[in-house]
A.B. asks: 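Sharing a structure, written as structure tokens. Questions coming.
Computation of the quantities below employed the complete heavy-atom set of this structure, encompassing side-chain atoms and omitting hydrogens, waters and symmetry-equivalent molecules.
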Amino acid sequence: MNSPMSPSQHRPSLGRRATSAFTRLLVTLLVLGLGAAVVFLLSQLNARTFSLAQENGQLVVMKGRLLPTGAVPYRPGDARLADAYAPLGVEGRDVSMLVERRFTERDELDRALFPLLESLAQPKVQSDDPAVLEKGLYYLRRAELLTGLTEEQRRSLGAMKTEVAFFQAKQKLEEARRGVTEALTQLKLAAESRNRNTQRANQMLTTVGPAAQALERALRAVDANFEGSELPPPAPAPTPESAGTPAGTPPPAGPAPGATGEAPGTAR
């Protein structure tokens, strides 16, 4: 019969206990390292993620934080990007489908925002109301700032820009007409007063005044024709006063006697 083992023989050796503790520590560190790596990767992925939130009737672009979850309003440092992704008024449109989406790339966000901008701009760029048209142009400018559009979206944007080209040109010409009129008024004021610029103001009026007045008449005529009203009457023929001849000046005398080469009193 075998003799019973002593209690000291039941306890593991010191080396075995140290090995077991080291193994548990190594497993714990490995688990913590893997957890930290997962958190880091999730944070990186979330930081590159874009989303949209609706606040006070506006669509706000959100950018993920450098954390596994959470987002803040997107505030890019570049002024052009800041204009492109500024809060956007949706004018009562249903944007729930956009709010529910997440975008892993900015190009993907651009392609999702374009249909909304297009729907906001389309009815306004066809309006004759300058205020409404200007609002439509604002949405078009916002769409132009999006760099990730598809080719089809770019063609659609180009078509809308073509539709408003005439109205933009008309608006710029009207602004130019007002500027020319204001400039002529200022030149006349300077020419009628006595100061160091009086002579130069008179010279400018003489040089550019007729052309500026002709441009203003032409633009007014085009506006009248565009609005369906009658064209203004033609400008009156120049009078002696406008031609530079003072009123009441007698006509020049005929040729003096002897101007034809004949001696006075010569018989014919």
A.B. asks: Are Leu157 and Phe166 connected, step by step, through hydrophobic side chains (Ile, Leu, Val, Met, Phe, Trp, Tyr) whose heavy atoms are closer than 4.5 Å?
C.D. replies: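 Same cluster.
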A.B. asks: Side chains of Arg101 and Leu52: closer than 4.5 Å at any heavy-atom pair?
C.D. replies: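 With C-beta onward as the side chain, the pair stays apart.
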A.B. asks: Which residues end up grouped with Leu145 if you chain together Ile, Leu, Val, Met, Phe, Trp and Tyr wherever their side-chain heavy atoms are less than 4.5 Å apart?
C.D. replies: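 Taking Ile, Leu, Val, Met, Phe, Trp and Tyr as members, Leu145 stands alone, with no cluster partners.
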A.B. asks: Please check if the number of heavy atoms outside Glu91 that lie under 6.0 Å from its CD is greater than 12.
C.D. replies: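 Enclosed.
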A.B. asks: Are Leu137 and Arg141 packed together at the side-chain level, in the sense that at least one heavy-atom pair is separated by less than 4.5 angstrom?
C.D. replies: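 Yes - at least one pair of side-chain heavy atoms lies under 4.5 Å apart.
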A.B. asks: Under the 3.5 angstrom rule, does the side chain of Ser119 hit a backbone N or O of Leu116 as a donor-acceptor pair?
C.D. replies: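 Present.
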A.B. asks: Is it the case that more than 12 heavy atoms not belonging to Asp78 sit under 6.0 Å from its CG atom?
C.D. replies: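 Counting other residues, nucleotides and ligands, CG of Asp78 exceeds 12 neighbours.
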A.B. asks: Could you verify whether a donor N or O on one side chain and an acceptor N or O on the other, from Ser127 and Asp129, lie under 3.5 Å apart?
C.D. replies: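 Per modelled atom types, Ser127 and Asp129 side chains form no pair under 3.5 Å.
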A.B. asks: Kindly check if the number of other-residue, nucleotide or ligand heavy atoms within 6.0 Å of CD (Glu152) is above 12?
C.D. replies: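 No.
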A.B. asks: Students often mix this up, so state it plainly: with edges at 30° and 60°, are the rings of Tyr85 and Tyr74 parallel, tilted or perpendicular?
C.D. replies: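 The rings of Tyr85 and Tyr74 sit tilted, inter-plane angle from 30° to 60°.
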A.B. asks: Locate the shortest heavy-atom distance separating Pro76 from Ala82; write the atom from each residue and the value.
C.D. replies: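 What the structure gives for the nearest pair is CG-N, 3.6 Å.
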A.B. asks: Short question: side chain of Asn46, backbone of Leu66 - any donor-acceptor pair under 3.5 Å?
C.D. replies: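 No; judged by distance alone, with no hydrogens or angles, the pair does not exist.
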A.B. asks: Does atom CD (Glu108) have a neighbourhood of more than 12 heavy atoms from anything else shown, all under 6.0 Å?
C.D. replies: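 Yes, because the 6.0 Å sphere around CD of Glu108 holds more than 12 heavy atoms from other groups.
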A.B. asks: So do Lys124 and Leu133 actually touch side chain to side chain, heavy atoms under 4.5 Å?
C.D. replies: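 Counting from C-beta outward, Leu133 and Lys124 never come under 4.5 Å.
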A.B. asks: Checking side chain to side chain donor-acceptor pair (under 3.5 Å) between Ser156 and each of Glu151, Glu118, Lys161, which is the one that passes?
C.D. replies: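 Running side chain to side chain donor-acceptor pair (under 3.5 Å) over Glu151, Glu118, Lys161 with Ser156 returns exactly one hit, Glu118.
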A.B. asks: In chain order, what residues pass the side chain to side chain contact (heavy atoms under 4.5 Å, CB included) check against Pro87, with sequence neighbours excluded?
C.D. replies: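 Scan of Pro87 (side chain to side chain contact (heavy atoms under 4.5 Å, CB included), adjacent residues dropped) gives Gln58, Val60.
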A.B. asks: Are the side chains of Arg111 and Leu146 in touch, meaning some heavy atoms are under 4.5 Å apart?
C.D. replies: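 Counting from C-beta outward, Arg111 and Leu146 never come under 4.5 Å.
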A.B. asks: I'd like to check the side chain to side chain contact (heavy atoms under 4.5 Å, CB included) partners of Ser20; sequence neighbours left out, ordered by chain and number.
C.D. replies: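 For Ser20, the residues satisfying side chain to side chain contact (heavy atoms under 4.5 Å, CB included) (neighbours in sequence not counted) are Arg24.
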A.B. asks: I'd like to know if the side chain of Gln153 and the backbone of Thr150 have a donor-acceptor N/O pair within less than 3.5 Å.
C.D. replies: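 A pair under 3.5 Å: yes.
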A.B. asks: Going by heavy atoms in the side chains, are Gln186 and Leu189 under 4.5 Å from each other?
C.D. replies: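 They are in side-chain contact.
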A.B. asks: Salt bridge or not between Arg178 and Glu174? Use side-chain N to carboxylate O under 4.0 Å.
C.D. replies: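 Answer for the salt bridge query: yes.
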A.B. asks: Can you find a heavy atom in the side chain of Lys135 that is under 4.5 Å from one in the side chain of Leu120?
C.D. replies: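 The answer is no, as the side chains (C-beta and beyond) never meet within the 4.5 Å cut-off.
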A.B. asks: When you measure from the centre of the six-membered ring of Phe50, is the NZ or CZ of Lys63 closer than 6.0 Å and no more than 45° off the axis?
C.D. replies: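 So Lys63 does make the cation-pi contact.
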